[in-house]
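We use all heavy atoms of the structure for the numbers below, so side chains are in, but hydrogens, waters and symmetry mates are not. These figures come from a predicted structure and were not determined experimentally.
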Amino acid sequence: MVDVAITGGTIRGTTEYGVARFLGIPYAAPPFGPHRMKPPAPVRPWHGVREATSYGPTAPKGEYPPQYRAIFPEPVIPGGECLNLNVWTPADALPGGSLPVFVWVHGGSFTNGSNAVAAYDGSAFARDGVVCVAVNYRLGAEGFLFTAADRGAGTANLGLLDQIAALRWVQANIRAFGGDPARVTVGGQSAGAMAVTTLLSMPSAAGLFSQVIAQSGAAANTLTAETGIAVARTLAGRLGTEPERAAIADVDLDSVVEAVTELVTEIQTTRDVAKWGALALSTLPFAPVVDSANLPRHPLEAFRSGAGSDVAVLAGANRQEARLFLVAPGIIGDIDETALAELAAAYGLPRAGLETYRRRFPGLAPGDLLAQVVTDWYYTVPAVRLAEARAQGGGTTWVYRFDWPRPEDNHGLGAAHAVELPYVFDTTGRPELEPLIGPAPSRAVAASTHDVWVRFITGGDPGWPAYRAGTRTTALLGETVSVVDDPDAALRRAWDGRR
């Protein structure tokens with residue numbers, strides 16, 4: 001057992017195999033009662049020594065749509081202090097020190113996930129000299145409701161404000177765990193990646209971190225105020241109340257969570273473009289909104305103007321991201337040529353562009369080809385646009401593509417969405433991750449991928465040239481790291497002017 005004095009009081013963690021763990025540390029007050037649907041309030045101090053030996057409460061959330069539940073087991077831990085974080089650090093680094101810090105923001109479509117997910121155990125980072133911090137933040141309507149009155153009021157994007165509060169906690173307290181507040185990398189995957197790239201553009205987050213890692217998510221799915229307002233109206237209609245923040249906050253929490261879950265499940269399951277418009281493609285009705293206050297500009301616009309140019313960024317995607325969304329529900333084999341053409345067109349890819357994919361992947365079945373199209377629309381191209389926008393604004397970005405494993409090795413998923421997570425955290429040995437990564441995950445891939453993250457977090461350079469318009473250098477991650485210029489250039493060009 002080990003005690004550490006921090007903001008709020010003293011906590012007691014545990015040590016094992018050279019790693020000290022402190023779990024469930026509150027960084028803000030419980031976001032309920034008088035604090036519900038409002039910006040995060042300061043943490044409540046406690047008396048005596050607070051045990052930090054088990055994960056803290058998870059943010060209120062529903063279940064994933066049924067097709068994803070076996071792949072992504074969702075810990076649900078009740079309690080009001082859901083704005084909490086976990087710290088893993090080398091036991092011999094306590095107290096004081098100058099170690100690099102990695103702050104992790106989980107994914108989950110802004111409506112699911114938590115810092116208690118098995119894949120996010122930060123022990124391997126601590127083993128390799130990095131202080132790892134994993135944060136919770138408010139989800140769904142509690143964190144990303146946007147109403148007409150929120151425009152310019154500073155009352156929206158609460159999930160992002162939670163993350164900023166956690167980063168401020170890190171600045172104030174991380175030395176007590178051996179970390180250096182001047183060497184903070186903030187990273188995330190999927191919705192978490194969209195969040196951290198958005199933080200990079202927010203004036204209120206400036207100076208809280210010096211590096212960013214964005215895995216399978218960039219700023220492309222930021223919502224307009226109009227879309228946010230439309231979502232609030234739909235949610236309020238389902239709840240039988242007015243589309244106003246105070247009115248929705250007066251509704252029973254469980255009812256709001258249930259309505260959010262039903263709304264997200266409907267959008268993700270039906271993907272009805274006629275009904276939901278762009279949300280049928282992004283499937284994210286709750287997400288960062290350009291609110292003219294906390295998020296004054298679209299992130300890509302801000303990056304082109306130089307916002308965050310002093311922050312180094314590592315960004316990328318997995319080679320077969322969208323297989324998750326076709327394999328998990330069991331529909332990849334149901335896609336025929338007609339459906340492929342119609343869906344590709346819905347994503348904005350013209351017939352000539354689809355022919356480019358056919359030439360690149362000759363003989364690929366229509367469902368498998370659609371997976372490649374959607375992968376690029378949702379993940380690969382947005383990472384490129386992020387790197388391009390930052391280069392225009394003077395920022396430096398490194399780009400990667402995660403290429404492991406083959407579909408036959410993990411139940412048909414391949415290098416699908418989220419598959420890289422256990423490799424990044426070097427947690428591939430966790431049995432609950434088998435539905436995602438298969439029964440025999442490669443130790444070589446875990447070693448090489450985790451090492452890239454450690455190199456970037458520690459030294460600010462992952463080991464290959466930064467992305468430039470003339471070369472478009474990209475690292476392909478597998479059992480080894482291979483570096484190529486402009487991989488699949490023809491596919492990238494097929495989206496020019498369209499994504």
TODO: Go through the steps to decide whether F102 and V454 satisfy the test side-chain contact (heavy atoms from CB on, under 4.5 Å), and finish with yes or no.
DONE: CA-CA 9 Å; F102 184 38; V454 171; over 6 Å; no
Taking side chain as C-beta onward, heavy atoms only, is [X] less than 4.5 Å from [Y]?
X: F125; Y: H450; answer: yes
X: L386; Y: R390; answer: yes
X: I437; Y: P405; answer: no
X: W276; Y: T270; answer: yes
X: T458; Y: R183; answer: yes
X: R493; Y: T356; answer: no
X: D426; Y: R443; answer: yes
X: T471; Y: P465; answer: no

Please report the interatomic distance [atom1]([X]) to [atom2]([Y]), rounded to the nearest 0.5 Å.
X: F144; Y: S109; atom1: CZ; atom2: OG; result: 11.5 Å
X: S442; Y: R406; atom1: OG; atom2: CZ; result: 10.5 Å
X: W377; Y: R498; atom1: CH2; atom2: CZ; result: 15.0 Å
X: L83; Y: Y137; atom1: CG; atom2: OH; result: 12.0 Å
X: Y120; Y: T427; atom1: OH; atom2: OG1; result: 9.5 Å
X: M194; Y: L199; atom1: CE; atom2: CG; result: 13.5 Å

TODO: Applying side-chain contact (heavy atoms from CB on, under 4.5 Å), run through H106 and L139 and close with a yes or a no.
DONE: CA-CA 11 Å; H106 68 78; L139 304 169; 3.9 Å; yes
- [ ] List for me each residue that meets side-chain contact (heavy atoms from CB on, under 4.5 Å) alongside L99, sequence neighbours excluded, and say none if there are none.
- [x]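 Applying side-chain contact (heavy atoms from CB on, under 4.5 Å) to L99 gives P90, A93, V131.
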So which heavy atom on [X] is nearest to which on [Y], and how close?
X: G80; Y: P30; answer: O-CB, 3.3 Å
X: L281; Y: A346; answer: CD1-O, 3.5 Å
X: L300; Y: A389; answer: O-CB, 3.9 Å
X: G353; Y: A494; answer: CA-CB, 4.2 Å
X: S123; Y: V19; answer: O-CG2, 3.8 Å
X: P487; Y: T474; answer: CD-OG1, 3.6 Å

Task: Trace of the salt bridge (charged side-chain N to carboxylate O under 4.0 Å, His left out) decision for R492 with D488 - done: CA-CA 7 Å; R492 173 184 58 78; D488 287 326; over 6 Å; no
Could you list the donor-acceptor pairs under 3.5 angstrom formed between side-chain atoms of residues 256-267 and any protein atom two or more places apart in sequence or on another chain?
from, atom 1, to, atom 2, distance (Å)
T261, OG1, V257, O, 2.9
T265, OG1, T261, O, 2.8
E266, OE1, R238, NH2, 2.5
E266, OE2, K275, NZ, 2.6

Say whether, by atom type as modelled, one donor and one acceptor occur between the side chain of [X] and the main chain of [Y] under 3.5 angstrom.
X: N136; Y: N115; answer: yes
X: N410; Y: L436; answer: yes
X: R323; Y: G412; answer: yes
X: T283; Y: Q268; answer: no
X: R12; Y: D3; answer: no
X: T449; Y: A446; answer: no
X: R430; Y: A119; answer: no
X: Y27; Y: L167; answer: no
X: N84; Y: I25; answer: no
X: W398; Y: G316; answer: no

Within the 6.0 Å centroid threshold, strictly below: [X] and [Y]:
X: Y347; Y: W495; value: no
X: H417; Y: Y378; value: no
X: W104; Y: F425; value: yes

Open item on the list: With no hydrogens and no angle check, just 3.5 Å: does a side-chain donor-acceptor pair link S216 and E321?
Closed with: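 On atom types as modelled, these side chains qualify, holding a pair under 3.5 Å.
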Open item on the list: For the residue pair Q211 / T185, report whether a side-chain donor-acceptor contact shorter than 3.5 Å exists.
Closed with: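 Side-chain D/A pair, T185 to Q211: present.
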Open item on the list: Strictly below 4.0 Å, N to O, side chains only: are E388 and R472 in salt-bridge contact?
Closed with: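 Counted as a salt bridge, because a side-chain N and a carboxylate O are separated by less than 4.0 Å.
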Task: Sidechain N-carboxylate O distance under 4.0 Å for D486, R468 - done: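 R468 and D486: not salt-bridged.
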- [ ] Dump the intermediate steps for side-chain contact (heavy atoms from CB on, under 4.5 Å) on L223 and L279, then the final yes or no.
- [x] CA-CA 9 Å; L223 303 183; L279 290 178; 4.0 Å; yes
Open item on the list: Suppose the criterion is ring pair (Phe, Tyr, Trp, His ring centres under 6.0 Å): which pairs have a residue in residues 67-89, not counting sequence neighbours?
Closed with: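 Qualifying pairs: Y64-F72.
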- [ ] Decide yes or no on side-chain contact (heavy atoms from CB on, under 4.5 Å) for F110 and N221, but give the supporting numbers first.
- [x] CA-CA 12 Å; F110 295 107; N221 294 308; over 6 Å; no
